[in-house]
Amino acid sequence: MNIVETQDMWVLSAARRICIRDVAAVSAELSPVMMAEVEELGLVVAGPWIFIANNLPRDGKTPFDWRICLPIERPPAYSGRFELVHLEPIIVASALHRGSLRTLFSKGYGPLISDIEWSRHVFSGESREVYHDWRGPGSPYHLIEIQFGLAR
């Protein structure tokens with residue numbers, strides 16, 4: 001577990017209220033449309049995809065607030081189909097998950113949550129997944145950074 005400050009960034013974003021089991025389908029629906037808009041408007045991608053959750057549940061059936069974000073260089077003006085959102089820096093506990101999506105919760109989230117609870121930090125309610133190396137839905141290997149915002 002690392003305690004770090006996230007970067008200040010601008011993102012193209014879309015928010016949804018979904019369940020964990022819906023993340024794959026919703027992100028697969030939104031990401032190509034967002035990328036098409038980036039190309040159409042001549043925007044510059046400035047980092048990997050980020051998924052932000054507020055009060056992420058521990059089960060696959062409870063709805064939560066979720067946001068897909070694509071970091072971009074801030075354009076002088078924007079009038080596209082998505083939201084242009086400024087993400088302020090926050091302090092997070094983070095860990096890298098190397099492996100398949102099947103083990104993201106058992107080998108990624110689980111150990112990080114235990115480390116945070118053991119360290120007596122307080123969760124802020126916001127969590128993020130940063131997709132540093134995404135190789136497609138069926139791939140046995142991805143590099144995903146899991147981040148939990150800390151209130152203290």
(Q) Working note: Thr6 + Glu88, criterion side-chain contact (heavy atoms from CB on, under 4.5 Å); need CA distance, chi angles, decisive distance, verdict. (A) CA-CA 8 Å; Thr6 63; Glu88 297 280 343; over 6 Å; no

What heavy-atom pair brings [X] and [Y] nearest, and what distance separates the two atoms?
{"X": "Ser13", "Y": "Phe82", "answer": "O-CB, 3.5 Å"}
{"X": "Ser106", "Y": "Pro111", "answer": "O-CD, 3.3 Å"}
{"X": "Pro48", "Y": "His132", "answer": "CG-ND1, 4.0 Å"}
{"X": "His142", "Y": "Gly136", "answer": "CE1-O, 2.9 Å"}
{"X": "Cys69", "Y": "Pro71", "answer": "O-CD, 3.8 Å"}

[X]: ring-ring contact (aromatic ring centres under 6.0 Å, His included) partners, not counting sequence neighbours:
{"X": "His121", "result": "none"}
{"X": "Phe123", "result": "Phe148"}
{"X": "Tyr78", "result": "none"}
{"X": "Trp10", "result": "His86"}

Q.
By the salt bridge (charged side-chain N to carboxylate O under 4.0 Å, His left out) test, which pairs, at least two apart or in different chains, include something from residues 63-72?
A. Arg17-Asp65, Arg67-Glu83

Q | Any pair counted as salt bridge (charged side-chain N to carboxylate O under 4.0 Å, His left out), so long as it reaches residues 115-142, sequence neighbours left out | A | Arg58-Glu117, Glu126-Arg128, Asp133-Arg135

Would you mind listing the cluster partners of [X]? Hydrophobic ones only (ILVMFWY), side-chain contacts under 4.5 Å, chaining allowed.
{"X": "Val92", "result": "Val4, Ile90"}
{"X": "Ile50", "result": "Met9, Val11, Ile52, Val85, Leu87, Val130"}
{"X": "Tyr141", "result": "Leu96, Leu143"}

Mind checking whether [X] and [Y] have side chains closer than 4.5 Å, heavy atoms only?
{"X": "Glu37", "Y": "Arg81", "result": "yes"}
{"X": "Leu101", "Y": "Ser139", "result": "no"}
{"X": "Leu70", "Y": "Val38", "result": "yes"}
{"X": "Pro57", "Y": "Ile20", "result": "yes"}

Q: Run the numbers on Ile68 and Met34 for side-chain contact (heavy atoms from CB on, under 4.5 Å), then give the verdict.
A: CA-CA 10 Å; Ile68 185 172; Met34 290 177 91; 3.9 Å; yes

Less than 3.5 Å apart, which donor and acceptor atoms pair up between the side chains of residues 23-31 and the rest of the protein, not counting sequence neighbours?
from, atom 1, to, atom 2, distance (Å)
Ser27, OG, Val23, O, 2.8
Ser27, OG, Ala24, O, 3.1
Ser31, OG, Ser27, O, 2.9

**Q.** Donor-acceptor pair, side chain of Ser94 and main chain of Gln147, under 3.5 angstrom
**A.** no

Q) Can you tell me how far the CD1 atom of Ile144 sits from the NE2 atom of His97, to the nearest 0.5 Å? A) 5.5 Å

Q: Mind checking side chain to side chain contact (heavy atoms under 4.5 Å, CB included) for Ala93 and listing every partner two or more places apart, or none if nothing turns up?
A: Met1, Ile3, Leu112, Ile116, Leu150

Q: Could you tell me which residues satisfy side chain to side chain contact (heavy atoms under 4.5 Å, CB included) with Ser100, sequence neighbours excluded, listed by chain and number?
A: Arg102, Thr103

Q: Could you check Leu104 against Tyr109 for side-chain contact (heavy atoms from CB on, under 4.5 Å), going step by step and ending with a plain yes or no?
A: CA-CA 6 Å; Leu104 182 62; Tyr109 275 86; 3.9 Å; yes

Q) Does the pair Trp49 and Trp134 meet the rule for a side-chain contact (heavy atoms from CB on, under 4.5 Å), with working shown? A) CA-CA 9 Å; Trp49 289 96; Trp134 171 253; over 6 Å; no

Q.
Would you call the rings of Phe51 and Trp66 parallel, tilted or perpendicular, taking 30° and 60° as the class edges?
A. perpendicular

Q | Same apolar cluster: Val122 and Ile113, side chain cutoff 4.5 Å | A | no

